[in-house]
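Take a look at the structure set out below.
Numbers restart at 1 for each chain; the letters A, B, ... are given by sequence-line order, proteins then strands.
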Number of protein chains: 2
Amino acid sequence: MALDRIDVALLALLQNDARRANKQLAADVGLAPSSVHERLKRLWAMGVLTGIHAEVDPAAMGIGLEALLMIELAKHERALVDRFLDEIVEIPEVRTAQLITGRYDLIVHVVARDTRHLKDLALDRFTSHPGVTRIETSIIYETRARHELPMLARDADATA
Amino acid sequence: MALDRIDVALLALLQNDARRANKQLAADVGLAPSSVHERLKRLWAMGVLTGIHAEVDPAAMGIGLEALLMIELAKHERALVDRFLDEIVEIPEVRTAQLITGRYDLIVHVVARDTRHLKDLALDRFTSHPGVTRIETSIIYETRARHELPMLARDADATA
DNA sequence: GGTGAAAGCTATAGTTT
DNA sequence: AAACTATAGCTTTCACC
């Protein structure tokens, strides 16, 4: 039921490069391709693997800048917040929306063609939204990402 | 050189599910598998496709909570900032680090086992760092993501 | 650029240890 | 639980349009 070291190794490899296929994974972890295949099927079935996504260069999509919208909400009622999140994530320019504690209630990561597009996006889709009290916009100069999650559970031993 | 509609369609499909392979993609966009293969090779060579990453359930890795660390830096010298970013992204608990404009200088998305682990992480790796003036920590209650970037360039027509 | 057939490889199932 | 073998299917290449 729990993940062993080989599972964790496979997950690490696939988080960094999911193009790497069975044969190579098998060589990497020292098992036969069929065994690796069984393990991956189990990891998908268990809900440990939840998706595989291609990463695209934003510039190639005409994206000239990215920003973080830090939003304060007037009310925190569950139904309203859930509906707002649903709406937000349907906006094509939105990458992520996070509900958080602290000074702001919501952080929304958006992409835009240029500053004019960003202004329209912020004003038309967020500032003007009932329920939004205040927005602070931060331009993102640079993003560094780490694709691999750490194994923080203690149960990653030799048990399968 | 520019991307046409079919390229954009392929990218959209792969951003949402990169397991979908050649044959199915070909059926989706109405081309032969070999043509799709050629296009994808071109998109990788052009640097439009930059990676494929598996997504893993944080809970399965023993991750009990995620947080945003909003950081103010004392100085904004290029060399110092770049080095700090390099250091940060080597910390296993870090998912992303973003250099931004506005009230804060840096937003760091981290994962942790529990609040005690988060406290240790924040105090040992960030608060105590020379160059960090102040940190605000926000717990993430919920994240919604959209894996597909919008095509914002006007040149996505029938030209190849 | 796109197509279709041939070659090579990967994935899957069944069997053995 | 892992490894091996065999088959089916897909990916990739290439000559041609």
Side-chain angles (χ1 to χ4, degrees), chain A residues 1-57 60-62 147 151 153-160, chain B residues 1-57 60-62 147 151 153-160:
Chain A
M1 192 60 225
L3 306 180
D4 68 11
R5 281 168 201 183
I6 293 181
D7 290 323
V8 173
L10 290 173
L11 292 172
L13 289 163
L14 290 175
Q15 283 174 96
N16 285 310
D17 180 14
R19 274 198 299 176
R20 181 176 307 236
N22 249 330
K23 194 183 181 184
Q24 199 180 347
L25 289 172
D28 291 333
V29 301
L31 288 183
S34 52
S35 308
V36 170
H37 184 256
E38 276 304 314
R39 280 172 178 269
L40 294 183
K41 231 168 63 180
R42 200 182 91 243
L43 292 170
W44 281 104
M46 286 168 70
V48 174
L49 275 168
T50 56
I52 296 189
H53 306 280
E55 196 181 5
V56 169
D57 176 26
M61 302 298 277
H147 297 288
M151 173 42 94
R154 294 153 211 76
D155 57 54
D157 51 34
T159 318
Chain B
M1 193 62 224
L3 307 180
D4 67 11
R5 281 168 202 183
I6 293 180
D7 291 323
V8 173
L10 290 172
L11 292 171
L13 289 163
L14 290 175
Q15 284 174 96
N16 284 310
D17 179 13
R19 274 198 299 176
R20 179 177 308 236
N22 249 331
K23 194 185 180 184
Q24 199 179 348
L25 290 171
D28 292 332
V29 302
L31 287 184
S34 52
S35 308
V36 170
H37 184 254
E38 278 303 315
R39 279 172 177 268
L40 294 184
K41 233 168 61 179
R42 200 183 91 243
L43 292 170
W44 280 105
M46 286 169 70
V48 174
L49 276 168
T50 56
I52 295 189
H53 306 280
E55 196 181 5
V56 168
D57 176 27
M61 302 299 275
H147 297 287
M151 173 42 96
R154 295 154 212 75
D155 58 54
D157 50 33
T159 318

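Rounded to whole Å, the distance from CD1 on B/Ile6 to C1' on C/dT3 is 14 Å. Separating the CG atom of A/Leu31 from the C1' atom of D/dA2 is a distance of 7 Å, rounded to the nearest angstrom. The CG-P distance, from A/Leu40 to C/dT10, rounds to 15 Å in whole Å.
Residues satisfying the side-chain contact (heavy atoms from CB on, under 4.5 Å) criterion with B/Ser34, sequence neighbours excluded, are B/Ala32. Under the ring pair (Phe, Tyr, Trp, His ring centres under 6.0 Å) criterion, A/His147 pairs with B/His53, sequence neighbours left out. Contacts of B/Lys41 classified as salt bridge (charged side-chain N to carboxylate O under 4.0 Å, His left out), with partners at least two apart in sequence or in another chain: B/Glu38.
At C/dT3, one or more side-chain N or O atoms of B/Ser35 fall inside 4.0 Å of OP1 or OP2 (strictly under the cut-off). In this model, the phosphate group of C/dG2 is approached by a side-chain N or O of B/Arg39 to a distance below 4.0 Å at OP1 or OP2.
Residues B/Asp7 and B/Ala2 share a closest heavy-atom pair of OD2-O, 4.3 Å. The two atoms that bring A/Asp57 and B/Gly47 nearest to each other are CB-O, 3.4 Å, heavy atoms only.
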Check: residues 9-25 of chain B side-chain donor-acceptor pairs under 3.5 Å, at least two apart:
residue	atom	partner	partner atom	Å
B/Gln15	OE1	B/Leu149	N	2.9
B/Gln15	NE2	B/Leu11	O	3.2
B/Asn16	ND2	B/Ala12	O	3.1
B/Asn16	ND2	B/Glu148	OE1	2.8
B/Asp17	OD1	B/Arg19	N	2.9
B/Arg20	NH1	B/Asp28	OD2	2.6

* Reading 5' to 3' through nucleotides 10-17 of chain D, protein heavy-atom contacts under 4.0 Å coded B for base, S for sugar-phosphate only, - for none -> SSSB----
